[in-house]
Amino acid sequence: MGKSITRKIIEAHLISGSYNPGSEAGIKIDQTLTQDATGTMAYLQFESMNIPEVKTDLSVSYIDHNTVQIGFENADDHQYLRDIAGKYGIHLSRAGNGICHQVHLERFGMPGKTLLGSDSHTPTAGGIGMLAIGAGGLDVAIAMGGGAFYLTCPQVIKINLIGKLSPWVSAKDIILKVLEMFTTKGNVGCVFEYGGNGLSSLTVPERATIANMGAECGVTTSIFPSDEMTLSFLESQQRKNDWTELKADADAEYDRIIDIDLSKIVPLAATPHSPENIRTVKDINGIKVDQVCVGSCTNSSYKDLSTVAEILRGEIAHPDVSFVIAPGSKQVLENLSRDGYLGKLLSSGARIAESACGFCIGNSQSPPSGAVSLRTSNRNFSGRSGTADAGVYLVSPETAAAAVITGVITDPRDLGIEYPLIRVPERFIIDDRMIIFPEDIPDPSSITVRRGPNIGTPPSHVPMPDTISGEVTIKVEDRITTDHIMPAGFRMKYRSNIPKYAEFVFEGVDSTFHERALRIKSGGKHNIIVAGVSYGQGSSREHAAICPQYLGVKAVIARSFERIHAANLINFGIMPLTFKNDAAYAAIDQGDEIEIPDIRNTIESDKAIIVKNKTKGTEFEVLCDLSDRQRKILLAGGALAAEK
Ligand code: MIC
Ligand code: SF4
């Protein structure tokens, strides 16, 4: 039997284990990326490993998330990241150079290589044929130190894209279709591998849009072949030598194969408050729109923004619509400017935001109370925009542009104009001077790392106790995202200061959590979180594990977990336990006193884990499928402690 692309790359990078879906394998990581919001913690942990220089082929530190700089905190972080990069042989992409995933695609991504990034949308680089995986900062730090990245060897789902998209339908609509089919739950441990004749009309940035939002389905990653399209993208980036062909064998084996007929896809939208709430744009036609934001790592390419410019043709934004654009990179912005599109967008009243995450993570451009915001980004969880009661709809650039004109949700095919065909330049203006290369640093060892008052210390680790004994501090529903656990937006400036950031755990869900957790901890007891299906959806932020750990959380019992969050919990010594059935979840309440006896022994001997509910006088069994490596980490109280 032939091999999938996924299998070929994993096998070529195996350090431990074998290609055996469902079991743990360790792979070599060629490239890493971090961004500032997860990077400071990743580098604090990297520093504590005492390794003189990164051991990857390439590691890039991007400054793109927290660029608002209200107060000293973000600026302190940037300074710290700059010094760390210089000292340890890391490339630094300065604030203003663009969003990590867009810049990585343009300047560094290479087909066939592995990329590990401390951001859940790292799979964007799957658009160029990389095996690109999102992880917590500690896993990335370990990879920078030359350690393996451990993943559950995935099941590979082949998605054949057949035929051609109709005018006014674009890559965003394809991935919204995929989300409609797969939802945000139940895809942990899978990879989406794309193929089919429809690929011949999909450029690399379009493929990247699709790979980017595979993250919303919860898959390990998404990957495309490397073909002529990939070559011409790399040529446009003056990087043709980075190209290699990459394709699945004709008789490759897959766990599941599905076909999507591109010609049947219509403009779609993810409606509030989940990327899986898919409706056709026609179905929601006419809803009044207050804000339109075009940008984010999903849809901020040259083609995305020039298409919007051409649809608007200088028409001024509807008086009730605030229209914001955030080009994905300095390169995109410069080329839009050269080719006249920036001027067109300006004359349509676009508010030009920095080439950064900005509105997507809710640290700027929050919509008014109760507003409807149409965005080309990838997540519409409640509150993520910075406005608790705003409704965010995720749409294509075409659908976004239509609403800028009409002021209401509009199927762009109803605009009655011809679909603009954009000619993407064969050569972009390339200017890498906003990247500080390791070669630019004359004497790395002489660098003294500046640590402003916002830079804390790496998290400490407490070994697993003999018995977990405490209280259910909070019981939450299904699909709790890391945005619910650890809010970003204007709280994100505390990413490098754990005691401060921990004050905001579950802020939007139950603002008394922090206080109650501290009370339980100071009473010598453990905090236990009880949750529903798909706990920890969304981002890779390990703070959603570190801050609870700081508050004394020792176990999360959920109906199911998302991959990155479960790995982060283990990395910080928190047991991720799964209910065997829904009845057990239903029978437990917030405030119940819980005991998990003899837990060290149980972990070591792989025995069944029994949870005693002392309040209810009942007991039930939970599941925890651990590798030997994970057992060691949990016993030590965390991955760094286990390494020592
Ligand atoms: C996100 O889109 O939620 C983020 C902000 O990029 C996160 C990373 C973070 O929380 O810093 C992600 O996707 O991993
Ligand atoms: Fe940035 Fe948004 Fe992309 Fe996250 S999803 S990396 S916040 S643009």
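Values reported hereafter were calculated over all heavy atoms of this structure, with side chains retained and with hydrogens, waters and symmetry mates removed. Both counts, for ligands and for their atoms, begin at 1 and track the order of listing.
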Proximal ligand 2 atoms for [X], defined as those under 4.0 Å from one of its heavy atoms:
X    : result
R384 : 2 (Fe), 5 (S), 7 (S)
N378 : 5 (S)
I361 : 7 (S)
D119 : 6 (S)
H101 : 6 (S)
H121 : 5 (S)

Closest protein heavy atom to [atom], given as residue, atom name and distance to 0.1 Å:
atom                    : result
atom 8 (C) of ligand 1  : Q35 NE2, 3.2 Å
atom 1 (Fe) of ligand 2 : C357 SG, 2.3 Å
atom 4 (Fe) of ligand 2 : H65 NE2, 3.8 Å
atom 7 (C) of ligand 1  : S539 CB, 3.2 Å
atom 2 (O) of ligand 1  : R384 NH2, 2.8 Å

What do you reckon, does [X] have a nitrogen or oxygen under 3.5 Å from a nitrogen or oxygen of ligand 1?
X    : result
S118 : no
D119 : yes
S120 : yes

Open item on the list: Can a donor-acceptor pair be found, under 3.5 Å and without considering hydrogens, that links the side chain of S48 to the backbone of Q45?
Closed with: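 Judged by distance alone, yes, a pair lies under 3.5 Å.
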Open item on the list: Looking at D76, is its backbone amide N or carbonyl O close enough to the side chain of N454 to form a donor-acceptor pair, meaning the two atoms are under 3.5 Å apart?
Closed with: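 Flag not set: sc N454 to bb D76 has no pair under 3.5 Å.
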State plainly whether the residues [X] and [Y] are in salt-bridge range, i.e. N to O under 4.0 Å.
X    : Y    : value
D77  : R495 : no
R451 : E47  : yes
R379 : D483 : no
K185 : E276 : yes

Task: Gap separating the CZ atom of F46 from the OH atom of Y88, nearest 0.5 angstrom - done: 6.5 Å
- [ ] Measure from NZ or CZ of R491 to the centre of the six-membered ring of F504 and say whether it is under 6.0 Å with the direction within 45° of the ring axis.
- [x]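 The answer is yes; both the distance and angle limits are met.
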Where do [X] and [Y] come nearest, in terms of heavy atoms and distance?
X    : Y    : result
A269 : V395 : CB-CG1, 3.7 Å
P453 : F72  : CG-CE1, 4.0 Å
L33  : V140 : O-CG1, 4.0 Å
V294 : V308 : CG1-CG2, 4.2 Å

Open item on the list: Less than 3.5 Å apart, any donor N or O on the side chain of Q537 or S534 sitting next to an acceptor on the other?
Closed with: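 A pair is found: one side chain offers a donor N or O, the other an acceptor, under 3.5 Å apart.
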Under 4.0 Å from a heavy atom of [X]: which atoms of ligand 1 are those, numbered in the order shown and with their elements?
X    : result
T38  : 9 (C), 11 (O)
S540 : 12 (C), 14 (O)
A37  : 11 (O)

Open item on the list: Using ring centroids (six-membered ring only for Trp), state whether Y501 and H543 fall under 6.0 Å.
Closed with: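 Yes, ring centres under 6.0 Å apart.
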Within-shell test, [X] vs ligand 1, heavy atom, strictly < 4.0 Å:
X    : answer
H543 : no
M492 : no
R379 : yes

TODO: Taking both backbone and side-chain atoms into account, decide whether C297 has an N/O/S atom under 2.8 Å from atom 3 (Fe) of ligand 2.
DONE: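 A backbone or side-chain N, O or S atom of C297 is under 2.8 Å from atom 3 (Fe) of ligand 2.
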Open item on the list: Going by the closest heavy atom to atom 2 (Fe) of ligand 2, which one wins out of S296, C360, G134, S539?
Closed with: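 Heavy atom nearest to atom 2 (Fe) of ligand 2 belongs to C360.
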Open item on the list: Nearest non-hydrogen contact with atom 11 (O) of ligand 1 belongs to which option: M41, H65, R495, R541?
Closed with: R495
